[in-house]
Colleague: 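Could you have a look at this structure, given as C-alpha cells, before my questions?
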Number of protein chains: 2
Amino acid sequence: MVRAGLSAERLTRAGAELADEVGFDQVTVSALARRFDVKVASLYSHLKNSHDLKTRIALFALEELADRVSAALAGRAGKDALAAFADAYRDYAREHPGRYTAARFRLDPETAASSAGVRHAQMTRAILRGYDLGEPDQTHAVRMLGSVFHGYVSLEASGGFSHTAVDPQESWSWIVDSLDALLRNRTTP
Amino acid sequence: MVRAGLSAERLTRAGAELADEVGFDQVTVSALARRFDVKVASLYSHLKNSHDLKTRIALFALEELADRVSAALAGRAGKDALAAFADAYRDYAREHPGRYTAARFRLDPETAASSAGVRHAQMTRAILRGYDLGEPDQTHAVRMLGSVFHGYVSLEASGGFSHTAVDPQESWSWIVDSLDALLRNRTTP
DNA sequence: GGCATTTGCCTAAAAGTCTTAGGCATGCGC
DNA sequence: GCGCATGCCTAAGACTTTTAGGCAAATGCC
C-alpha cells in the first residue's frame, strides 16, 4: 500500500486551499481526509484534533498575510504606505476569503503572542509614524484603522455592499483618503 | 404526557439566549432540544432544519437591534445621533454577543430584503442627513460607518484590544469624535 | 359531553463528523 | 538484510442532523 505522504504542513496548506474553496467554517478533518484520499483517522497522527487544524491554518494565513503587507509597505511612507497597507489587506481577503477568515480565528493568548499577529500590530504602528501621533492617540488610531479595514473587508465579503450600484473600489479609495486626512488633522505635535 | 409547548417563536428566543451563552456557532438543534428537555426530532415540527433555526435567530436579532438603534436615535441629530447610533450598536454587541453574531449571519437575498436589515440601512442614512453629503459620498460614508462600527465591535469581541492597557471606551469616543469631524469636513454643499 | 381530526412529541434509524485504541506493513537507519 | 519507528488502517463509541412513521393529547364540531 503506497503511503500518502501526509504531514502537518501539507495538511495545513491543503486546509487553507479548502478554506478558500468552501469557507473556513466548512474545513473539517473529514473533508481534508477525502481530499488526500485517506481515512479520517490517519490525520490524527499529524494533527491533535480539529481545533489544532484550524489553529494551524490560522497561523499560516497570518504569516502569509503579514508577508504580503510587509512587501507592500517596503519603501513607502505616509499616505502611500497607508494605501498600500489597506490594499494589501483587501486584496488578500478577496483572493483568499477562507484564509482571511482563518486569520481572524481566535487563538489562545500564548499562541497569539508567538504568531505573526505581532508583526501585524507592528506594521500598523509603523504606518502611523508618518502622522506624528502621541499616545494614547496612536493606540486609538491603530484600533480605528484595524476596525475600518477589517470591517470593510468583512462586510464586502458577506455581500453587504451589493445592494447599491456604487463601485466598492471607489468607496475604498474614498475611505482611505478620508482616513489619511483625518490622521493628518489629528496630529499631536 | 405533558406537552412542552414548543413553537418557532419560543425556539427562536431560546436559541438567541443560547447563542449569547455559548456562541452563535454552537447553537445546535440538539442543544436546543436539551434545553427544552424534549427529543431532538420534536423540533423538526417547528423548524425546517438547522439553517432555518439560525436564520430565525438572525432575523430576531436584526429586529431587536434595529429597535434599539431606533429608540436611541429618536430626537437626536448630528454628532449626538452619530454617537447614540454607535453606542447602541456596541452596547448590543457587548450585552448580546451571540445575537450580534447572529445578526451578521448571511441571509439569502429575498429574506434579507424583507428583514430589519433595511431599517438598519435607512437609519444609517438618516444619521448622515446631519452632514450634508451628496451622492456618491453618502454611500461611501454609509459604508465607512458600517465598517468602523462593525469592525470595532467584532475586534473588541474577539479580544483584539486586550493587549494594550488603553481603555476601549476611550478609543471608541476618540473614533466617534474623529468620524464626526471627518464627515463635517467632507460636506459637499 | 362525546367524537373526529389535527397537532405535538415520541421512537427508530440512517448518514455524517470527531476522536481514541490498537494493528499491520512500509521504509528508514544501521 | 534486519529491526524498529512511523504511517496509515480497521474498529468502535459518542454526538449531530434529518426523515419516517406512530401514539396520545388538544382542538373543534355537533
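Note that the structure is a prediction, hence the values are computed from the model and not measured. Keep in mind that the numbers below use all heavy atoms, side chains included, and drop hydrogens, waters and symmetry copies. Quick note on labels: first sequence line is chain A, next is B, and so on, each numbered from 1.
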Colleague: For the residue pair A/His46 and A/Ser7, what are the closest heavy atoms and their distance?
Modeller: ND1-CA, 3.7 Å

Colleague: Looking at D/dT18, C/dC18, C/dA21, which one has an atom nearest to any side-chain atom of A/Ala41?
Modeller: C/dA21

Colleague: Calculate the interatomic distance between A/Leu32 atom CG and C/dG16 atom P; express it in whole Å.
Modeller: 18 Å

Colleague: Of the nucleotides D/dC8, D/dT16, C/dC9, which one has an atom closest to the side chain of B/Ser30?
Modeller: D/dT16

Colleague: Please confirm whether the shortest side-chain N or O distance from B/Arg34 to OP1 or OP2 of D/dT16 is below 4.0 Å.
Modeller: yes

Colleague: Can you tell which of D/dT16, D/dT10, D/dT18 lies closest to the side chain of A/Lys39?
Modeller: D/dT10

Colleague: Using whole Å, what does the distance between atom P of nucleotide D/dT18 and atom NE2 of B/His51 come to?
Modeller: 11 Å

Colleague: Using whole Å, what does the distance between atom P of nucleotide D/dT18 and atom NZ of B/Lys54 come to?
Modeller: 10 Å

Colleague: Expressed in angstrom and rounded to an integer, what is the separation of B/Glu9 atom CD from C/dG8 atom P?
Modeller: 12 Å

Colleague: Could you give the CZ-to-P distance, from A/Arg35 to C/dT17, as a whole number of Å?
Modeller: 14 Å

Colleague: Examine D/dT16: is either OP1 or OP2 under 4.0 Å from a nitrogen or oxygen in the side chain of B/Thr28? Give yes or no.
Modeller: no

Colleague: Take atom CG of A/Leu6 and atom P of C/dT26, then tell me their distance rounded to the nearest Å.
Modeller: 16 Å

Colleague: Going through the checks in order, is the side-chain hydrogen bond (donor to acceptor under 3.5 Å, both in side chains) test met by B/Arg106 and A/Ser158?
Modeller: CA-CA 7 Å; B/Arg106 188 167 193 166; A/Ser158 65; over 6 Å; no

Colleague: Rounded to whole angstroms, how far apart are NZ on B/Lys48 and P on D/dT17?
Modeller: 16 Å

Colleague: Identify whether any heavy atom of A/Ser45 sits under 4.0 Å from a base atom; if not, whether one sits that close to sugar-phosphate; answer base, sugar-phosphate or nothing.
Modeller: base

Colleague: The side chain of B/Ser50 is closest to which nucleotide in this list: C/dC18, C/dC10, D/dT17?
Modeller: D/dT17

Colleague: Rounded to whole angstrom units, what separation is found between the CZ atom of A/Arg10 and the C1' atom of D/dC8?
Modeller: 14 Å

Colleague: From C-beta outward on A/Tyr44, which listed nucleotide comes closest to its side chain: D/dT17, C/dT17, C/dC18?
Modeller: C/dC18

Colleague: Would you check if there is a donor-acceptor pair between the side chains of B/Asp180 and B/Tyr131 at a distance under 3.5 Å?
Modeller: yes

Colleague: Given D/dT18, C/dG8, C/dT20, which nucleotide is nearest the side-chain atoms of B/His46?
Modeller: C/dG8

Colleague: Quick one: closest heavy-atom pair of A/Leu32 and A/Leu11, and the distance?
Modeller: CD2-O, 3.7 Å

Colleague: Would you call the rings of A/Tyr152 and A/Phe161 parallel, tilted or perpendicular, taking 30° and 60° as the class edges?
Modeller: tilted

